[in-house]
Amino acid sequence: MLTEERRNLIVSYIKEKNAVTVQELMDEFNASAATIRRDLSALHDERRIMKVFGGATSLSSSDVNTSEPSVSAKASLNVDEKDAISKYAVSLIDDDDFVYIDSGTTTLEMIKYIENTKAKYITNGIVHAKRLLEKGLSTMIIGGRCKQSTEAIIGPDCIEGISKYHFSKAFMGTNGISLNAGFTTPDVDEALVKAEAVKHAYVSYVLADHSKFGQISSVTFADISNCSIITDREVDKSYLGKTVVKVIGTLNEGGKA
């Protein structure tokens with residue numbers, strides 16, 4: 001297959017799927033990772049697709065989010081939904097758990113409901129650690145660089161610190177959820193921290209209200225099948241069978257709590 005022909009087919013495939021990974025394109029076009037990445041770079045430069053970390057999205061699809069709202073801005077959105085999601089998430093914590101709590105406004109809401117003093121908690125959220133300590137809970141915070149806009153600790157030192165632990169449960173935040181792009185966030189450094197936490201957790205739960213579905217930020221930190229989802233509304237049936245989805249108050253067909 002000629003290069004130009006393959007690239008035209010790649011553009012058509014991405015338009016159909018809206019978002020794809022490098023691995024998907026390798027399988028579809030029987031090409032190496034290096035070839036696909038060269039194609040995506042060329043097509044991105046031609047403004048025919050948008051290259052993102054680990055894959056690409058269609059320019060005709062919903063905009064790819066590349067910016068991160070401030071903590072105060074996110075805290076005022078979908079307050080009731082976040083409250084219900086976080087309250088349910090806390091019910092999953094057992095006495096012998098070693099719990100990772102990701103930075104984010106929904107995961108922060110969890111802490112006001114945590115009463116389990118036997119479990120141990122570790123976080124990369126600066127405010128999260130303070131709230132955990134105020135409740136007298138066994139608390140650890142990962143070291144690294146502080147990101148002002150999200151009040152999170154990130155960077156190589158943070159990733160190295162996480163790599164030494166094995167969490168029984170991880171509670172994660174996300175900016176977007178998509179079948180093809182997976183769980184996404186706008187910042188590469190935060191994505192790498194999230195990916196490491198998911199990698200070192202026995203089970204990972206993504207806490208996400210309905211507004212996160214169908215949204216794509218520029219960096220994928222986990223595939224859709226790598227984490228269970230706790231949300232506040234019924235999701236499109238296409239998600240069922242791909243991952244476990246718990247809708248507060250309703251047990252989704254194809255998933256379990």
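Remember, it's a predicted structure, so these values are computed and weren't measured experimentally. When reading the values below, keep in mind they use all heavy atoms of this one structure, side chains included, and skip hydrogens, waters and symmetry mates.
By the neighbour-count criterion of 12 heavy atoms within 6.0 Å, atom CZ of Arg37 is sparsely surrounded, having that number or fewer from other residues, nucleotides or ligands.
Taking CD1 of Ile122 as the reference point, atom CG of Asp102 lies at 12.0 Å (rounded to 0.5 Å). Going from atom OG of Ser12 over to atom CD1 of Ile49 covers 12.5 Å, rounded to the nearest 0.5 Å. Taking CG from Asn124 and CD from Glu196, the interatomic distance works out to 12.0 Å, rounded to the nearest 0.5 Å. Note: Leu192 CG to Ile162 CD1 = 10.5 Å, rounded to the nearest 0.5 Å. Atom NZ of Lys15 is separated from atom CD1 of Ile10 by 13.5 Å, given to the nearest 0.5 angstrom. We find the SG-CD1 distance between Cys146 and Ile126 to be 4.0 Å, quoted to the nearest 0.5 Å.
Across every non-hydrogen atom of Ala56 and Ile14, the tightest pair is CB-CD1, 3.8 Å. Nearest heavy-atom pair across Ser217 and Thr185 is CB-C, 3.3 Å. When all heavy atoms of Cys227 and Val206 are compared, the pair lying nearest together is CB-CG2, 3.6 Å. Between Asn175 and Gln215, the closest heavy-atom pair is O-CB, 4.0 Å. Taking both residues in full, the closest heavy atoms of Phe221 and Thr174 are given as CE2-OG1, 3.5 Å, listed atom of the first, atom of the second, then distance. Of all heavy-atom pairs spanning Tyr121 and Leu132, the tightest one is CB-CD1, 4.0 Å.
The shortest distance between side-chain heavy atoms of Ile177 and Thr184 does not fall below 4.5 Å. With contacts defined as side-chain heavy-atom distances shorter than 4.5 Å, the pair Val244/Ile229 does not qualify. Using a 4.5 Å heavy-atom cutoff, the side chains of Asp223 and Phe183 are not in contact. Between Val22 and Leu40 the shortest side-chain heavy-atom distance falls below 4.5 Å. Residues Asp187 and Val219 form no side-chain contact, since every pair of their non-hydrogen atoms from C-beta on lies 4.5 Å or further apart. Side-chain contact between Ser228 and Lys246: absent, with no pair of heavy atoms (C-beta onward) separated by less than 4.5 Å.
Relative orientation of the Tyr239 and Phe213 rings is perpendicular, given thresholds of 30° and 60° on the angle between their planes.
Take Glu5 and apply the side-chain contact (heavy atoms from CB on, under 4.5 Å) test, not counting sequence neighbours, and it matches Met1, Leu2, Leu9. For the salt bridge (Lys or Arg N to Asp or Glu O under 4.0 Å) test, residues two or more places apart in sequence or in another chain that qualify with Arg145 are Asp189. Every residue two or more places apart in sequence or in another chain that forms a side-chain contact (heavy atoms from CB on, under 4.5 Å) with Ser178 is listed here: Asn180, Ala181, Ile216. Partners of His44 by ring-ring contact (aromatic ring centres under 6.0 Å, His included), not counting sequence neighbours: none found. Every residue meeting the side-chain contact (heavy atoms from CB on, under 4.5 Å) condition with Thr106, not counting sequence neighbours, appears here in chain and number order: Lys82, Ile85, Leu207. For Asp232, there are no salt bridge (Lys or Arg N to Asp or Glu O under 4.0 Å) partners at least two apart in sequence or on another chain. Residues that satisfy the salt bridge (Lys or Arg N to Asp or Glu O under 4.0 Å) test with Arg7, not counting sequence neighbours, are Asp39. Not counting sequence neighbours, the partners of Ala170 by the side-chain contact (heavy atoms from CB on, under 4.5 Å) test are Tyr100, Met172, Ala201, Ser204.
Listed by first and then second residue, the salt bridge (charged side-chain N to carboxylate O under 4.0 Å, His left out) pairs that reach into residues 157-180 are Asp94-Lys169, Asp97-Lys169, sequence neighbours excluded. Screening residues 136-165 for ring-ring contact (aromatic ring centres under 6.0 Å, His included), with sequence neighbours left out, gives Phe98-Tyr165.
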Can I get a per-line list of side-chain donor-acceptor pairs under 3.5 Å for residues 25-34, giving both atom names and the distance, sequence neighbours left out?
{"residue": "Asp27", "atom": "OD1", "partner": "Gln23", "partner atom": "NE2", "Å": "3.0"}
{"residue": "Ser32", "atom": "OG", "partner": "Thr35", "partner atom": "N", "Å": "3.1"}
{"residue": "Ser32", "atom": "OG", "partner": "Thr35", "partner atom": "OG1", "Å": "3.0"}

Validation: residues 133-141 side-chain donor-acceptor distances under 3.5 Å, sequence neighbours left out:
{"residue": "Glu134", "atom": "OE2", "partner": "Lys130", "partner atom": "NZ", "Å": "2.5"}
{"residue": "Lys135", "atom": "NZ", "partner": "Ile111", "partner atom": "O", "Å": "3.1"}
{"residue": "Lys135", "atom": "NZ", "partner": "Lys112", "partner atom": "O", "Å": "3.1"}
{"residue": "Lys135", "atom": "NZ", "partner": "Ile114", "partner atom": "O", "Å": "2.7"}
{"residue": "Thr139", "atom": "OG1", "partner": "Leu137", "partner atom": "O", "Å": "2.8"}

Does Asn226 form a side chain to side chain contact (heavy atoms under 4.5 Å, CB included) with Ile224? I'd like the steps, not just the answer.
CA-CA 6 Å; Asn226 290 156; Ile224 198 72; over 6 Å; no
*asked:* Could you walk me through whether Thr231 and Val245 satisfy the side chain to side chain contact (heavy atoms under 4.5 Å, CB included) test, starting with their C-alpha distance in whole Å, then the side-chain angles of each, then the deciding distance to 0.1 Å, before giving a yes or no?
replied: CA-CA 8 Å; Thr231 189; Val245 180; 4.2 Å; yes
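Linking ILVMFWY residues whenever their side-chain heavy atoms come closer than 4.5 Å, directly or via other members, places Ile93 and Ile230 in the same cluster. Following chains of ILVMFWY side-chain contacts shorter than 4.5 Å, one can reach Ile154 starting from Phe167, so the two form part of one hydrophobic cluster. Note on Ile153: it does not cluster hydrophobically with Val188, by side-chain heavy-atom contacts below 4.5 Å among ILVMFWY residues.
Thr107 and His128 are linked by a side-chain donor-acceptor pair at a separation below 3.5 angstrom, with hydrogens and angles left out of the test. Side-chain atoms of Asp236 and Ser238 form a donor-acceptor pair, as typed in the model, at a separation below 3.5 Å. Between the side chains of Glu190 and Thr150, a donor-acceptor pair is found at a separation under 3.5 Å.
When atom types are taken as modelled, the side chain of Thr220 and the backbone of Ala222 share no donor-acceptor pair closer than 3.5 angstrom.
Look at Arg48 and Glu4 and you find a salt bridge, because one of the NZ, NE, NH1 or NH2 atoms lies within 4.0 Å of a carboxylate O, short of that distance.
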